[in-house]
Amino acid sequence: MYKRLHSRIVVCLLFAFFCSVNVSFADEKLNISGFGRLVAGYLDDNNVSFEGYTNELTFSEQSLLAIQADYQLTDTVSVTSQLLAHNNAERDSGIEWFYLSYQPNANWLFKAGKMRTPFYHYSDVMDVGFAYAWISPPQQLYSAFLFNQYEGISGIHRFALGPVSASVELYTGSYNGDTSFQQKRYPTDIDNLRGIVLNALVGGNLKLRSSFITADFSLDLEEITTFANILRGAGFVESANSLTMEGEFDIYQAGAIYEEFDYHLAWEWMKISSKTILAPKITSYYVQGGYVFDPITVNLTFANLITSEVETANEIPFGVNPGLDQLFIAYNTTLQRTKASDLKSVTLGVRWDAGVNVAFKAEVTHYQGGIGISTFEALSESAAYAFDERANLYQIGMEFVF
């Protein structure tokens, strides 16, 4: 595990070195930057895992190193590429971004290629821990359950209305890869992806954001697909169809950040709507406040994820014969293990800005929620029954940019 991370970091460092050498011979058209983080975490419960963390100390879940190259082809055209080395089993190392930008003037920007999907306020800097107060952004919103990149095109128009600086972004594209959660990877196809993002800066202190995303999706959960085929073969078509992860989703998002020199307040809300039983309506939000005792920042965050129950198929009879009883139990067990679960959390964090490009952080998060596809994963059958739906996650980290 650590050898893999070491080799990936070496590749990134060599890439940065050679690019830096080339910069000295270029005519300032190439700009090299980068960021990294070293994060250790420990979950104080031996019955479950959460986002890859267990009751053993690990550095592998969020530690990473990235290099970004921006090359100005002409006065209006540039190309951006980001190479990321990560040791998390749920993510691939390699090219994170690769897109072409065309900016005819200060008000318009067009991009095409592989880009970050703009789900959240911190989407563009989600891997850049130096850019925000937390070690782990609230997982109720910023979860790996959603896909981070898409391939397509986008257009951004910037404008001003009195004291308000604003922008509108329209984008469309697709994603064909893996969606990862609970240390497993599932083939995922996202088609007809369309979205709009509205951003506004009011008076220099208040940032507002809202967005809407819609797309068609297909998620291949192999073990569930196999069981669905068994149900279909037994004549329980409605139950089999209820286990299909295919359809359309709509995502609504809104948020606000207010910043002063010595404190900040933030709020973000998201609603995911889908007609599939395994991915029902999900509403999540967080509220955060932070105070600066320069160079120390203390922050407190409350986050919540609320799922809406969807009526399941009840066509499999129980008590008729042992074979049907097994199907009945297996069907309901599958639903329980794969559906999303409510999750609340309170996070207390401390950040020390040791320099202009280095910060050290420590935080503890108390989670309360059941076992589910978006929350805790039981480490064994007996552990699922022993888990009391409460756990604390302890993390420390170093963030840097260059």
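The structure presented is a predicted model; accordingly, all values stated were derived computationally and were not measured. Along the sequence shown, residues carry numbers from 1.
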Tell me, please, which residues at least two apart from [X] pass ring pair (Phe, Tyr, Trp, His ring centres under 6.0 Å).
{"X": "Phe360", "result": "Trp352"}
{"X": "Phe227", "result": "none"}
{"X": "Tyr99", "result": "none"}
{"X": "His366", "result": "none"}

Can you check whether [Y]'s main-chain N or O pairs, donor with acceptor, with [X]'s side chain at less than 3.5 Å?
{"X": "Asp44", "Y": "Asn392", "value": "yes"}
{"X": "Ser165", "Y": "Ala160", "value": "no"}
{"X": "Gln139", "Y": "Pro137", "value": "yes"}
{"X": "Glu169", "Y": "Ile156", "value": "no"}
{"X": "Ser49", "Y": "Thr54", "value": "no"}
{"X": "Ser63", "Y": "Val39", "value": "yes"}
{"X": "Lys207", "Y": "Asn199", "value": "no"}
{"X": "Thr172", "Y": "Leu193", "value": "yes"}
{"X": "Tyr53", "Y": "Thr58", "value": "no"}

[X] to [Y] - nearest heavy-atom pair and separation:
{"X": "Leu324", "Y": "Ile316", "value": "O-CG2, 3.8 Å"}
{"X": "Glu363", "Y": "Gly349", "value": "CB-CA, 3.7 Å"}
{"X": "Ile213", "Y": "Pro118", "value": "CD1-O, 4.3 Å"}
{"X": "Asn55", "Y": "Tyr42", "value": "O-CE1, 2.8 Å"}
{"X": "Ser60", "Y": "His86", "value": "O-CE1, 4.2 Å"}
{"X": "His264", "Y": "Thr297", "value": "CE1-CG2, 4.3 Å"}

Side chains of [X] and [Y] only: does a donor on one sit below 3.5 Å from an acceptor on the other?
{"X": "Gln368", "Y": "Ser345", "result": "no"}
{"X": "Ser136", "Y": "Gln395", "result": "yes"}
{"X": "Thr301", "Y": "Thr347", "result": "no"}

Exercise. Give every residue pair that meets the salt bridge (Lys or Arg N to Asp or Glu O under 4.0 Å) criterion with at least one member in residues 119-143, sequence neighbours excluded.
Key: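 Checked against salt bridge (Lys or Arg N to Asp or Glu O under 4.0 Å) - neighbours excluded - the pairs reaching residues 119-143 are Arg91-Asp127, Arg116-Asp127.
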Answer yes or no: is there a side-chain heavy-atom contact under 4.5 Å between [X] and [Y]?
{"X": "Met115", "Y": "Gln149", "result": "no"}
{"X": "Leu393", "Y": "Tyr367", "result": "yes"}
{"X": "Ile196", "Y": "Val168", "result": "yes"}
{"X": "Gln103", "Y": "Thr76", "result": "no"}

Quiz prompt | Residue pair Tyr285, Phe302: steps toward the side-chain contact (heavy atoms from CB on, under 4.5 Å) verdict | solution = CA-CA 9 Å; Tyr285 65 89; Phe302 173 77; 3.6 Å; yes
Taking atom [atom1] of [X] as the centre, does the number of heavy atoms from other residues, nucleotides or ligands within less than 6.0 Å exceed 12?
{"X": "Tyr385", "atom1": "OH", "answer": "no"}
{"X": "Ile153", "atom1": "CD1", "answer": "no"}
{"X": "Phe387", "atom1": "CZ", "answer": "yes"}
{"X": "Asn105", "atom1": "CG", "answer": "yes"}

Quiz item: Testing Trp267, Trp134, Tyr120 for ring-ring contact (aromatic ring centres under 6.0 Å, His included) with Tyr286, which one passes?
Solution: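 Going through Trp267, Trp134, Tyr120 one by one, the ring-ring contact (aromatic ring centres under 6.0 Å, His included) with Tyr286 is satisfied by Trp134 alone.
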Using the ring centroid of each side chain, check whether [X] and [Y] are separated by less than 6.0 Å.
{"X": "Tyr150", "Y": "Tyr171", "result": "yes"}
{"X": "Phe130", "Y": "Phe400", "result": "no"}
{"X": "Phe147", "Y": "Phe119", "result": "yes"}

For [X], side chain to side chain donor-acceptor pair (under 3.5 Å) partners two or more places apart:
{"X": "Ser78", "result": "none"}
{"X": "Asn47", "result": "Asp45"}
{"X": "Glu315", "result": "Ser239"}
{"X": "Ser380", "result": "Ser382"}

Quiz item: Going through the distances and angles, do Gln62 and Arg37 end up as a side-chain contact (heavy atoms from CB on, under 4.5 Å)?
Solution: CA-CA 8 Å; Gln62 297 192 62; Arg37 58 191 332 219; 3.1 Å; yes
Quiz item: Between Thr188 and Phe217, is a side-chain contact (heavy atoms from CB on, under 4.5 Å) present by the stated rule, with each step listed?
Solution: CA-CA 7 Å; Thr188 304; Phe217 74 97; 5.6 Å; no
Practice problem: Only counting residues at least two apart or in another chain, list the ones meeting side chain to side chain contact (heavy atoms under 4.5 Å, CB included) with Ile329. | Solution: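 For Ile329, the residues satisfying side chain to side chain contact (heavy atoms under 4.5 Å, CB included) (neighbours in sequence not counted) are Phe318, Thr333.
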Exercise. Applying side-chain hydrogen bond (donor to acceptor under 3.5 Å, both in side chains), run through Asp189 and Asn176 and close with a yes or a no.
Key: CA-CA 5 Å; Asp189 292 324; Asn176 302 107; 2.9 Å; yes
Quiz item: Taking it one step at a time, do Leu109 and Ser101 satisfy side-chain contact (heavy atoms from CB on, under 4.5 Å)?
Solution: CA-CA 7 Å; Leu109 174 62; Ser101 300; 4.1 Å; yes
Practice problem: Dump the intermediate steps for side-chain hydrogen bond (donor to acceptor under 3.5 Å, both in side chains) on Asp191 and Ser174, then the final yes or no. | Solution: CA-CA 5 Å; Asp191 298 307; Ser174 63; 4.9 Å; no
Quiz item: Restricting to pairs with a member in residues 246-258, which pass side chain to side chain donor-acceptor pair (under 3.5 Å), not counting sequence neighbours?
Solution: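 Counting only pairs at least two positions apart or across chains, the side chain to side chain donor-acceptor pair (under 3.5 Å) contacts touching residues 246-258 are Arg209-Gln253, Ser211-Gln253, Thr214-Glu248, Thr214-Asp250, Gln253-Glu268, Tyr258-Glu260.
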Exercise. Identify, with sequence neighbours excluded, every residue that meets salt bridge (charged side-chain N to carboxylate O under 4.0 Å, His left out) alongside Lys114.
Key: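 None.
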Self-check item: Pair Glu96-Gln82, side-chain hydrogen bond (donor to acceptor under 3.5 Å, both in side chains): steps then yes or no
Solution: CA-CA 5 Å; Glu96 193 78 0; Gln82 186 182 104; over 6 Å; no
Quiz prompt | Check ion pair Asp342-Lys344 (N to O, under 4.0 angstrom) | solution =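 Salt bridge flag = no for Lys344 with Asp342.
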